[in-house]
> 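Starting off with a structure, shown below.
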Amino acid sequence: MLERHLYEHFGIHLKNVEQAGNDLIIFDEQETYILRPYPQTQIVHLEERLKMAEHFQSLNHLGIAYPMKAKGGSTLNIIDGQETVLFQLKTGLNREQQIQEKSKAKKLAQFHLDGESYVSTSKQENATWTSWRERWIKRLEQLESWYVKIMNEPVKTALDTEFILTFPYYLAMTENAIQMVTEMISMKPSYYPDGNGRTVCHHRFHENSWLKTDSLNVSDVKFPTDFVCDHFTRDITEYLRHIAKNEQVLQEKIDRANRFIKRYHSVKNLVEWDGYIIVSRLLFPAQYFDVLEKYYQAIDDKTRSEMETKFVNMVTNSEDYEIFIQHICSLFFTAKDPSILPEWLIN
């Protein structure tokens, strides 16, 4: 079925296929493609994402996976009963360039610099760090409603009980994050309207956001369907959060964070104000919200079981996460400002 669909839609003669997570790596006689599922809820954003890809293409930015249009002119197509986007992999990297650009931090910094000149006509895509506050408040309101509901349930699961016990702690963390952004907006209202720091980012940047395949050696392939417009510190923070969630010991996480920030800074300058934004986003416990949202919205036992395991690991490592944030503060602030940073980060 896949072979017939690829030929009918794109004229591709399938020679081999490999699974890479939720993606399929498609090989024909000469080219390599990635078939990636694209969620129905994100279709409204697809056109904007494709414009971002065109922007990087115009700058000859290496490593962008280019969406292909089917014979009928559509980028989004149903393949094997699922809505997907097919990407052609054209990195243009030779071996020498690959070696020079192996630092993910440096490549991310250059990616952000290239993305600064992208101009979006979408009001939503022109949002930046100040809009985080409204999103956090909405997610908190949803979580609070679940908390009240679970509190009143006569029968509770093990995770229900843990949710009730941990909610006050993570509520305080969330309020810290919201308060920091609120105070930053009042301190520097011109920062947001000027669009300072706005660029092309990723939904959640982590170690595997850029695909690697053996045929491409060490090059990293970037998918525009992952792109969003936001403040560049969004990607830095999410990568730091990714490091913090790793199973390494705390000191190894801190060392990785040090290297990442130092290498990024060597290409794109980071200032104290960026540090405030990074810390505010780290304070928002996105991992806590993610796990609970997936758990309470899940319709299968397997997903619930996976979320229970993640929840336990997250709560167990909460003290290390606090120390991790305190260390990030130390990289940016020599004189800590108690009017912005929560008191527990100052002491």
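The residues of the chain are indexed from 1 along the displayed sequence. The figures that follow rest on heavy atoms only: side chains count, while hydrogens, waters and symmetry mates do not.
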> So, taking the atom named CZ in R36 and the one named OG1 in T84, what distance separates them when rounded to the nearest 0.5 Å?
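The OG1 atom of T84 is 11.5 Å from CZ of R36, to the nearest 0.5 Å.
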> Got a sec: does the NZ of K71 have more than 12 other heavy atoms crowding it under 6.0 Å?
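It does: K71 NZ has more than 12 such atoms within range.
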> Give a yes or no on whether D301 atom CG has more than 12 heavy-atom contacts from other residues, nucleotides or ligands under 6.0 Å away.
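No.
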> Run the salt bridge (Lys or Arg N to Asp or Glu O under 4.0 Å) test on D290 and R139 for me, step by step, so that the C-alpha distance in whole Å, both residues' side-chain angles and the decisive distance to 0.1 Å come before the verdict.
CA-CA 10 Å; D290 290 345; R139 293 185 76 181; 2.8 Å; yes
> Hey, are the side chains of L171 and E175 touching, using non-hydrogen atoms and a 4.5 Å cut-off?
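Counting from C-beta outward, L171 and E175 do come under 4.5 Å.
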> Is it true that a side-chain atom of N152 and a backbone atom of V148 form a donor plus acceptor pair closer than 3.5 Å?
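Flag set: sc N152 to bb V148 pair under 3.5 Å.
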> Which atom names give the shortest non-hydrogen contact between D230 and W132, and what distance separates them?
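D230 and W132 have their closest heavy atoms at OD2-NE1, 3.0 Å.
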> Looking at Y66 and A53, what are the two nearest heavy atoms and their distance?
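Minimum heavy-atom contact is CE2-O, 4.1 Å.
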> Give, for atom CZ of R49 and atom SG of C229, the distance between the pair rounded to the nearest 0.5 Å.
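Going from the CZ atom of R49 to the SG atom of C229 covers 8.0 Å.
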> Scan residues 314-325 for pairs that pass side chain to side chain donor-acceptor pair (under 3.5 Å), counting only residues two or more places apart or in two chains.
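As it turns out, the side chain to side chain donor-acceptor pair (under 3.5 Å) pairs with a partner in residues 314-325, which skip direct neighbours, are Y169-E322, R241-Y321.
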> Over all heavy atoms of both residues, which pair between Y170 and V315 is shortest? Give the atoms and the distance, please.
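So the two residues come closest at OH-CA, 3.9 Å.
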> Given Y239, which of K104, H206, E207 fulfils the side chain to side chain donor-acceptor pair (under 3.5 Å) condition?
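Looking at K104, H206, E207, the match for Y239 under the side chain to side chain donor-acceptor pair (under 3.5 Å) is E207.
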> Is it the case that the side chain of Q248 and the backbone of I254 share a donor-acceptor pair, with hydrogens and angles ignored and the cut-off at 3.5 Å?
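Looks like no, no N/O pair under 3.5 Å.
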> Do F227 and F111 have ring centres separated by under 6.0 Å?
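Yes - the distance between ring centres of F227 and F111 falls below the 6.0 Å cut-off.
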> Under 4.5 Å between any side-chain heavy atoms of H327 and K253, yes or no?
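Side-chain contact under 4.5 Å: no.
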> Taking K51 for the side chain and S120 for the main chain, is one N or O donor matched with an acceptor at less than 3.5 Å?
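Looks like no, no N/O pair under 3.5 Å.
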> State, yes or no, whether a side-chain contact exists between H112 and V200 at a heavy-atom distance under 4.5 Å.
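No - every pair of side-chain heavy atoms lies 4.5 Å or more apart.
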> Under 4.5 Å between side-chain heavy atoms, hopping through other hydrophobics if needed: is there a path connecting I185 to F284?
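Yes.
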> Less than 4.5 Å apart, side chain to side chain, heavy atoms only: is that true for L6 and D28?
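Not touching, per the 4.5 Å side-chain cut-off.
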> Under 4.5 Å between side-chain heavy atoms, hopping through other hydrophobics if needed: is there a path connecting L282 to V271?
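Both belong to a single hydrophobic cluster.
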> Quick one: which residue pairs count as a salt bridge (Lys or Arg N to Asp or Glu O under 4.0 Å) with a foot in residues 145-155, not counting sequence neighbours?
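Every salt bridge (Lys or Arg N to Asp or Glu O under 4.0 Å) pair that includes a residue of residues 145-155, provided the two are not neighbours, is K149-E153.
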> Are the side chain of T166 and the backbone of E162 linked by a donor-acceptor contact shorter than 3.5 Å?
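Indeed, once roles are kept as given, a pair shorter than 3.5 Å links the two residues.
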> Are V267 and L108 connected in a single hydrophobic cluster, I mean Ile/Leu/Val/Met/Phe/Trp/Tyr linked by side-chain heavy atoms less than 4.5 Å apart?
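Each belongs to a different hydrophobic cluster.
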> Are M314 and V312 linked, directly or through intermediate hydrophobic residues, by side-chain heavy-atom contacts shorter than 4.5 Å (ILVMFWY only)?
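Different clusters.
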> Go through L86 and H9 one step at a time and tell me if the side chain to side chain contact (heavy atoms under 4.5 Å, CB included) criterion holds.
CA-CA 10 Å; L86 184 71; H9 286 291; over 6 Å; no
> Rounded to the nearest 0.5 Å, what separation is found between the CZ atom of F232 and the CG atom of L270?
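These two atoms lie 5.5 Å from each other.
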> In Å and rounded to the nearest 0.5 Å, what is the NZ to CD1 distance from K222 to I64?
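With rounding to 0.5 Å, NZ (K222) is 5.5 Å from CD1 (I64).
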> Taking the ring of F311 and the ring of Y295, is the distance between their centroids below 6.0 Å?
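Distance test on ring centres: not under 6.0 Å, no.
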> Closest heavy-atom contact between D226 and S209?
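Answer, listing the atom of D226 first, then S209: OD2-O, 4.0 Å.
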> Consider only side-chain heavy atoms of I, L, V, M, F, W and Y, link residues closer than 4.5 Å, and tell whether W146 and I137 are in one cluster.
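Yes.
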> Do the rings of Y276 and W273 sit parallel, tilted or perpendicular, given the 30° and 60° boundaries?
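If you compare the ring of Y276 with that of W273, the planes turn out perpendicular.
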> For the rings on F56 and Y118, is their centre-to-centre separation under 6.0 Å?
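Ring-ring flag for F56/Y118: false, centres at least 6.0 Å apart.
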> Does E238 form a salt bridge (Lys or Arg N to Asp or Glu O under 4.0 Å) with R281? I'd like the steps, not just the answer.
CA-CA 8 Å; E238 292 308 317; R281 190 173 178 101; 2.8 Å; yes
> Nearest 0.5 Å, please: how far is CD1 in I340 from CE in M180?
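Going from the CE atom of M180 to the CD1 atom of I340 covers 6.5 Å.
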> Quick check for you: to the nearest 0.5 Å, what is the distance between I236 atom CD1 and I328 atom CD1?
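Rounded to the nearest 0.5 Å, the CD1-CD1 separation comes out at 10.5 Å.
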> Are there over 12 heavy-atom neighbours, none belonging to Q142, within less than 6.0 Å of that residue's CD?
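Above 12, so yes.
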> If you count heavy atoms of other groups shown closer than 6.0 angstrom to CD of E47, is the number above 12?
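Open.
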> Check the side chains of T174 and Y288 for a donor-acceptor pair under 3.5 angstrom, ignoring hydrogens and angles.
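No, T174 and Y288 have no side-chain donor paired with an acceptor closer than 3.5 Å.
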> Would you please say whether a donor-acceptor pair under 3.5 Å links the side chains of D160 and Y296?
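Indeed, the side chains of D160 and Y296 share at least one donor-acceptor pair under 3.5 Å.
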> Quick check against the 3.5 Å criterion: does R234 have a side-chain atom that pairs as donor or acceptor with the backbone of H202?
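The answer is yes, because a donor-acceptor pair under 3.5 Å joins these two groups.
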> Within the side chain of S280, is there an N or O that forms a donor-acceptor pair under 3.5 Å with the backbone of I277?
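Side chain of S280 to backbone of I277, a donor-acceptor pair under 3.5 Å: yes, one is there.
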> Any idea which heavy atoms bring R263 and A105 closest together, and the distance?
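Scanning both residues, the minimum pair turns out to be CB-CB, 3.7 Å.
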> Step by step, would you call D274 with K268 a salt bridge (Lys or Arg N to Asp or Glu O under 4.0 Å)?
CA-CA 12 Å; D274 300 324; K268 179 174 170 57; over 6 Å; no
> Between I26 and I34, is a side chain to side chain contact (heavy atoms under 4.5 Å, CB included) present by the stated rule, with each step listed?
CA-CA 6 Å; I26 307 294; I34 293 289; over 6 Å; no
> Looking at every heavy atom in both I278 and T237, which two are closest together, and how far apart are they?
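Distance-wise, the nearest heavy atoms are CA-OG1, 3.5 Å.
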